[in-house]
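Following: one structure in structure tokens, then a few remarks.
Side chains included, hydrogens not; waters and symmetry mates left out as well; all remaining heavy atoms used. Please read all numbers here as calculations on a predicted model, not as lab measurements.
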Amino acid sequence: QVRLVESGGGLVQAGGSLRLSCPASGVIFSTGALVWYLQAPGMQRELLAASSSAGITNYADSVKGRFTISTDNAKNTVYLQMNSLKPEDTAVYYCNSATVWELHRIVAAYSGVYDSWGQGTQVTVSS
């Protein structure tokens with residue numbers, strides 16, 4: 001059974017940084033990728049970043065250059081270092097796993113529909 005536990009969110013001023021963590025138990029990470037989504041109020045979940053088990057990373061244009069995804073394969077844990085935060089980054093952030101690692105293929109394969117989600121972690125960026 002997959003269990004995802006996101007943490008590390010909080011309230012931060014614009015320009016600040018946060019580091020999110022997500023241990024993903026029950027996930028076979030030897031293939032595919034670990035991914036991060038955000039969900040702003042009233043919006044659908046948006047795919048932000050993916051990291052393959054080989055360390056290949058992909059980012060949405062909205063976070064490229066500001067966010068960094070990384071993984072600890074031994075711990076099946078994915079991280080998201082978020083720098084230069086903006087008020088529009090305010091959202092609940094979720095992790096998950098995927099069988100492919102390119103963002104467009106993840107979107108095509110899952111359309112945001114996964115078997116399970118964690119509780120997410122709230123990030124609020126004040127202006």
Side-chain angles (χ1 to χ4, degrees):
Q1 183 178 356
V2 173
R3 184 165 181 257
L4 307 161
V5 183
E6 301 89 350
S7 64
L11 174 64
V12 63
Q13 287 189 329
S17 298
L18 285 172
R19 186 177 188 242
L20 308 183
S21 300
C22 179
S25 61
V27 170
I28 300 173
F29 187 41
S30 56
T31 60
L34 293 176
V35 303
W36 282 99
Y37 282 79
L38 68 75
Q39 186 170 24
M43 305 293 286
Q44 291 187 331
R45 284 191 181 101
E46 176 187 345
L47 180 60
L48 288 182
S51 177
S52 75
S53 56
I56 301 170
T57 57
N58 279 211
Y59 297 93
D61 287 344
S62 60
V63 302
K64 203 172 291 183
R66 299 189 299 123
F67 291 9
T68 303
I69 187 172
S70 61
T71 60
D72 183 331
N73 292 8
K75 296 181 180 179
N76 253 26
T77 297
V78 61
Y79 305 95
L80 189 67
Q81 178 66 44
M82 305 188 296
N83 298 329
S84 303
L85 282 161
K86 305 175 181 179
E88 51 264 43
D89 295 321
T90 294
V92 180
Y93 286 70
Y94 300 89
C95 71
N96 220 306
S97 63
T99 56
V100 292
W101 54 266
E102 301 99 324
L103 294 192
H104 70 279
R105 292 182 65 193
I106 294 171
V107 171
Y110 291 87
S111 300
V113 178
Y114 289 78
D115 290 338
S116 62
W117 290 96
Q119 82 289 347
T121 186
Q122 175 71 47
V123 171
T124 303
V125 185
S126 63
S127 56

Hey, are the side chains of [X] and [Y] touching, using non-hydrogen atoms and a 4.5 Å cut-off?
{"X": "P23", "Y": "K75", "result": "no"}
{"X": "T68", "Y": "L80", "result": "no"}
{"X": "V35", "Y": "I106", "result": "yes"}
{"X": "V123", "Y": "M82", "result": "yes"}
{"X": "N58", "Y": "W101", "result": "yes"}

Applying a strict under-4.5 Å side-chain criterion to I, L, V, M, F, W and Y, I'd like to know whether [X] and [Y] cluster together.
{"X": "L34", "Y": "V63", "answer": "yes"}
{"X": "V125", "Y": "L48", "answer": "yes"}
{"X": "Y59", "Y": "L20", "answer": "yes"}

Would you please test E46 and S62 for side chain to side chain contact (heavy atoms under 4.5 Å, CB included) and show each step?
CA-CA 10 Å; E46 176 187 345; S62 60; 3.6 Å; yes
Between the side chain of [X] and the main-chain N/O of [Y], is any donor-acceptor distance below 3.5 Å?
{"X": "R66", "Y": "S84", "value": "yes"}
{"X": "Y94", "Y": "R45", "value": "no"}
{"X": "T121", "Y": "G9", "value": "yes"}
{"X": "S51", "Y": "G55", "value": "no"}
{"X": "S111", "Y": "V113", "value": "no"}

Determine, stepwise, if the pair Y93 / E6 fulfils side chain to side chain contact (heavy atoms under 4.5 Å, CB included).
CA-CA 8 Å; Y93 286 70; E6 301 89 350; over 6 Å; no
To the nearest 0.5 Å, tell me how far [X] [atom1] sits from [Y] [atom2].
{"X": "T124", "Y": "L11", "atom1": "OG1", "atom2": "CG", "value": "6.0 Å"}
{"X": "S25", "Y": "Q1", "atom1": "OG", "atom2": "CD", "value": "8.0 Å"}
{"X": "Q81", "Y": "S17", "atom1": "CD", "atom2": "OG", "value": "5.5 Å"}

At their closest point, which heavy atom of [X] faces which heavy atom of [Y], and how far apart are they?
{"X": "P87", "Y": "S127", "value": "CG-CB, 3.8 Å"}
{"X": "G120", "Y": "V92", "value": "CA-CG1, 3.7 Å"}
{"X": "L4", "Y": "A24", "value": "CD2-CB, 3.6 Å"}
{"X": "Y79", "Y": "S21", "value": "CD2-OG, 3.3 Å"}

Between [X] and [Y], is any side-chain donor less than 3.5 angstrom from a side-chain acceptor?
{"X": "T99", "Y": "Y110", "value": "yes"}
{"X": "Y37", "Y": "Y114", "value": "yes"}
{"X": "T77", "Y": "D72", "value": "no"}

Residues L18, L85; criterion side chain to side chain contact (heavy atoms under 4.5 Å, CB included); working and verdict:
CA-CA 8 Å; L18 285 172; L85 282 161; 4.2 Å; yes
One thing to verify: whether K86 and D89 come together as a salt bridge, which I'm taking to mean a side-chain N less than 4.0 angstrom from a carboxylate O.
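The answer is no: the pair does not qualify as a salt bridge.
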Could you tell me if the ring centre of W36 sits under 6.0 Å from that of F67?
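W36 vs F67: aromatic centres not under 6.0 Å.
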Can Q122 and T90 be said to form a side chain to side chain contact (heavy atoms under 4.5 Å, CB included), step by step?
CA-CA 8 Å; Q122 175 71 47; T90 294; 4.0 Å; yes
Exactly one of T71, N96, V27 clears side-chain contact (heavy atoms from CB on, under 4.5 Å) with V78, and that residue is T71
